[in-house]
Amino acid sequence: MPSNPLAPSAALVASLRQAAAQPQLYDTAALQKLDSAHYLHPFTDYKDLNAKGARVIVRGEGIYLWDSQGKKILDGMSGLWCVNVGYGRTSISEAVYRQMETLPFYNSFFNTTNVPAVQLAAKLVALAPPHFRHVFFTGSGSEANDTNLRMVRRYWELQGQPQRQTVISRHNSYHGSTVAGSALGGMDGMHAQGGLPIPGIVHIGQPNYVEAGRGMTREAFGLLAASWLEDKILELGADRVAAFIGEPVQGAGGVVIPPASYWPEIQRICDKYGVLLIADEVICGFGRLGAWFASGLFGIKPDLITFAKGVTSGYVPLGGVLVGDRVADVLIEKGGDFNHGFTYSGHPVACAAALENIRILEEEKLPQRVATDTGPYLKERFATLADHPLVGYADSCGFVAGLNLVRRKAAVVHDCELFDPQQGVGMICRGYMFGNGMIMRAVGERMIIAPPLVMTRGQIDEMVALIRVCLDATHADVKARGWVE
Ligand SMILES: *Cc1c(COP(=O)(O)O)cnc(C)c1O
């Protein structure tokens, strides 16, 4: 490989991949036993996992994974919404290797910088809307949202309004799992543990039409859901509100696609009261919805954009905040020291991975492909699942999609009869997906996907057919239990 004398040879890469693909290499039972004995997984019921044993994933290529028993799995979730360019991208591993050989680490404290961090900051600014000229790097999306909290409060202190401290977020949103990230998020299960949310963070309802829009058009409901923000600002007093934060499309909350009327109205309300707007694009950015950043698609001009996941396609952890001129100018001109940052802010290896990942996204025009070709095709194919007896509602936006499992269908989505949540039909369905080599996530009875952006039309057909097989299996199962007619 002449372009990269330090990279491992193609033959070595091929032999490593081939080795990883040999199921006889792995003693799955022993790995599961060690896993249970020592590894506390994130968001996991340990007793339950230890009883079943974890699935050991050993290799990835394109949109597929393989487990330690040699089973091939179609990864409909891009890992955790992040592997946008697919698995097995040698050019990213080479970029990482090259950077590790040159400079594996140096910090950006004490007036120092490094080459990949500088290049990546400039690249991100070039891709972002024009009012963004600065980037703050972190190690993850959670840390980026912690940064947002500190940055908006600092902004208002510098503006002589230190009482503007409260950030408004939404129920069922996800903004990470650090203390501030989980407080900003609106997940009941997270707030129920460990004294969350922390003071200075409040929540309003989410723009979930299926759940709350009965008797209304989508557009009227979108305006209503946005008005909850104005109600909350007036209740708190506009002079106490620092910012509003939201995901353009809620991801972990179940792929909640807001009505088109929602975001422009949110923007209008933020402008009216001078409230800063934070778009958490950790999932929505880097081509996932068919653009580098999704804010423009929804008609908003945020002051801060959170990014992570797709910026490196998950190959190496990296997150950050794009800081718009309104905030950056004040921090720079009036701020003095900003007493915040991380050891790994601007990590050279992570930034090198991001630069190569972005180069691939550009070269293969993946955001455009999602916007004009594979995204519309996924929408069309995914919508065909709505004729299944268990599916009450199916929708998609770019390369995220979801469907609602219901007990009895109805012409109007609000009239569908729902399953008793205690029955766990979503988890039953997820089990059939796993069993059939398909990763689809369950959020209650909503089944969701966020496939790698490299997925072809043929692979979309393959995935939708696989999902249908699993829906059939789920249907037969719940019928046998007497939960549907
Ligand atoms: C995943 C996610 C985060 C948190 O990112 P981590 O890298 O897991 O800390 C924040 N916001 C959104 C919208 C996410 O999906």
Side-chain angles (χ1 to χ4, degrees), residues 41-44 77-84 136-152 167 169-187 189-191 196-197 201 203 206-208 243-258 263 277-289 293-295 297-298 300 302 304-322 342-345 347 350-351 353-354 357 397-402 441 443 446 448-453:
H41 294 229
F43 288 95
T44 295
M77 279 305 299
S78 304
L80 209 48
W81 320 86
C82 54
V83 188
N84 289 11
F136 193 101
F137 288 118
T138 69
S140 69
S142 303
E143 290 172 2
N145 282 326
D146 272 52
T147 300
N148 282 328
L149 183 69
R150 297 194 61 186
M151 201 180 273
V152 298
V167 175
S169 179
R170 303 176 300 175
H171 296 302
N172 199 39
S173 59
Y174 188 79
H175 298 299
S177 195
T178 51
V179 171
S182 49
L184 287 167
M187 297 288 176
M190 294 172 79
H191 289 179
L196 291 171
I201 294 171
H203 298 82
Q206 57 178 327
N208 188 331
F244 174 73
I245 183 169
E247 304 153 80
V249 171
Q250 287 158 258
V255 181
V256 181
I257 302 166
W263 277 112
L277 177 57
I278 308 168
D280 184 343
E281 297 217 25
V282 168
I283 287 174
C284 297
F286 297 95
R288 172 74 42 208
L289 300 190
F293 296 99
S295 294
L297 301 174
F298 290 89
I300 53 171
L304 300 158
I305 293 178
T306 320
F307 63 87
K309 295 191 172 121
V311 67
T312 56
S313 284
Y315 278 56
V316 181
L318 177 70
V321 180
L322 275 157
F342 303 100
T343 302
Y344 300 135
S345 287
H347 194 293
C351 293
N357 174 61
C397 176
F399 252 39
V400 295
R441 182 164 163 184
V443 179
R446 185 146 165 95
I448 59 176
I449 51 166
L453 311 188

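Both backbone and side-chain heavy atoms feed into the values below; hydrogens, waters and symmetry mates do not. Order of appearance sets the numbers: ligands from 1, and atoms from 1 within every ligand. Predicted, not measured: the structure shown is a model, and the values here were computed from it.
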Next item on the list: First locate atom CD1 of Ile283, then atom NZ of Lys309, and finally report the distance between them rounded to the nearest 0.5 Å.
Entry: 4.5 Å
Margin query: Tell me whether the count of non-hydrogen atoms from other residues, nucleotides or ligands lying under 6.0 Å of OH in Tyr344 goes above 12.
Written below: no
Next item on the list: Would you please name every residue forming a side chain to side chain contact (heavy atoms under 4.5 Å, CB included) with Asn357, sequence neighbours left out?
Entry: Val85, Ile92, Ser313, Leu361
Check: How many angstroms lie between atom CG of Leu453 and atom CG of Leu289, to the nearest 0.5 angstrom?
Finding: 9.5 Å
Item checked: Ala450: partners by side chain to side chain contact (heavy atoms under 4.5 Å, CB included), with sequence neighbours left out -> Met77, Trp81, Arg288, Val400
For ligand 1, list all ligand N or O to protein N or O distances below 3.5 Å, rounded to 0.1 Å.
{"residue": "ligand 1", "atom": "5 (O)", "partner": "Gly141", "partner atom": "N", "Å": "3.4"}
{"residue": "ligand 1", "atom": "7 (O)", "partner": "Gly141", "partner atom": "N", "Å": "3.0"}
{"residue": "ligand 1", "atom": "9 (O)", "partner": "Gly141", "partner atom": "N", "Å": "3.4"}
{"residue": "ligand 1", "atom": "9 (O)", "partner": "Ser142", "partner atom": "N", "Å": "2.7"}
{"residue": "ligand 1", "atom": "9 (O)", "partner": "Ser142", "partner atom": "OG", "Å": "2.5"}
{"residue": "ligand 1", "atom": "11 (N)", "partner": "Tyr174", "partner atom": "O", "Å": "3.4"}
{"residue": "ligand 1", "atom": "11 (N)", "partner": "Asp280", "partner atom": "OD1", "Å": "3.3"}
{"residue": "ligand 1", "atom": "11 (N)", "partner": "Asp280", "partner atom": "OD2", "Å": "2.7"}
{"residue": "ligand 1", "atom": "15 (O)", "partner": "Lys309", "partner atom": "NZ", "Å": "2.6"}

Margin query: Using the side chain to side chain contact (heavy atoms under 4.5 Å, CB included) criterion, which residues pair with Pro197? Sequence neighbours excluded.
Written below: Ala183, His191, His203
